[in-house]
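Scroll down for the structure; my scribbles are underneath it.
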Amino acid sequence: MKWQSLLASFAIGLIPAGAVHAAQADHVTASHAWIRLLPAKLPAAGYVTLQNAGSSAATLVSAHSAVYASVMLHESDVESGGMNGMHAVNQLAISATGKAMLAPAGYHLMLEQPDRVLKPGDKVEITLDFADRSHLPVQFAVRPANTADPN
Ligand SMILES: [Cu+2]
């Protein structure tokens, strides 16, 4: 909810003052946000470090972008038999005053169906969606496939 509409809701008495809590996204800051671009039609991966300054957990449940038609939260599987796999993750909790990292070999955003050909140096906005329906838009820097984890 935008603060303007929140104020408007107060003004017309829709929200009792005691019922209002800051949204989860308000407590979360994102850093080291980048996208590893892969050649051809291979999906790209989005990485970001999330810090929760709040006194309760913030839970990431999904993400979306105007650039990528498909954005999914994934976790890489522990390497088994020389094959790397991954699986979808329904939610990722960032504990109170804690940190969560989306980083190579761990959690990542799986990015598919871009609306344009992206190149290193581009910026892509991806919005993180939290369990209380609050949102955090984050600017991701597009980097080449051979980027070492810069975190
Ligand atoms: Cu994946």
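Fair warning: this is a prediction, and the values are worked out from it, not measured in the lab. Residue numbers count from 1 along this sequence. As the structure lists them, so they are numbered: ligands from 1, and atoms in each ligand from 1.
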The complete set of side-chain hydrogen bond (donor to acceptor under 3.5 Å, both in side chains) pairs with one or both residues in residues 85-110, sequence neighbours excluded, reads Glu75-His87, Asp77-His87

Next on the checklist: Would a single hydrophobic cluster contain both Leu109 and Val61, if residues Ile, Leu, Val, Met, Phe, Trp and Tyr are joined by side-chain heavy-atom contacts under 4.5 Å?
Outcome noted: no

Worksheet item: When the aromatic ring centroids of Trp34 and Phe140 are compared, is their separation below 6.0 Å?
Response: no

(message) With a 4.5 Å cut-off on side-chain heavy-atom distances among I, L, V, M, F, W and Y, is there a chain of contacts connecting Leu128 to Val89?
(response) yes

ask   = Linking I/L/V/M/F/W/Y whenever their side-chain heavy atoms sit closer than 4.5 Å, directly or via other members, would Leu38 and Met110 fall into one cluster?
value = no

Any protein N, O or S atom under 2.8 Å from the Cu ion (ligand 1)? Found His74 ND1, Met86 SD, His108 NE2, Met110 SD

Using only heavy-atom distances, determine whether the side chains of Asp129 and His135 contain a donor-acceptor pair under 3.5 Å.
-> yes

